[in-house]
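All figures in this text were calculated on a predicted structure; none of them were measured in a lab.
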Amino acid sequence: MQSPPSHETGQRCRSAWLIALLLAAGAAATVPAHAGDEDTEREHLARIAHEIERVQAMVATAAQDAPTGQRVKFRYDWLASDLQMLREGVERHTDTPRQPRPVAPLRGDYRQ
């Protein structure tokens, strides 16, 4: 007995987003960053944010194509929320200015 085509499509979409997420993580891990190279780190993080955005689009498509009437449903809304939180965290880190914090000036005169 074969599964209905909509179930097969949903399964394929779930598998596709999982593969994309693993590829994004693998791509970020395969290129070694040089210690102290902020530009390289920002480039990697921007690539990760972009890949998460692509996975988010795949999740939205899978959610639209998900079969109805199942006893156990996949929580696409939770997955979408978690992916959004990850993406925002990465983007917040890359968008933060890399300037030193202001330091209060020293008095200089220590005699009374």
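Partners of Arg54 according to the side chain to side chain donor-acceptor pair (under 3.5 Å) rule, which considers only residues two or more places apart in sequence or in another chain, are Glu51. When the side chain to side chain contact (heavy atoms under 4.5 Å, CB included) test is applied to Glu53, the partners found at least two apart in sequence or on another chain are His50, Gln56, Arg87. Residues meeting the side chain to side chain donor-acceptor pair (under 3.5 Å) test with Asp77, sequence neighbours left out: Arg75.
Thr40 pairs in a side-chain contact (heavy atoms from CB on, under 4.5 Å) with only one of the listed residues (Arg42, Glu38, Glu43, His44), which is His44.
Across every non-hydrogen atom of Ala46 and Thr94, the tightest pair is N-CG2, 4.4 Å.
Looking at heavy atoms from C-beta onward, Leu79 lies in side-chain contact with Leu83 at the 4.5 angstrom threshold. Side-chain contact between Ile52 and Ile48 is present, with at least one heavy-atom pair separated by less than 4.5 Å.
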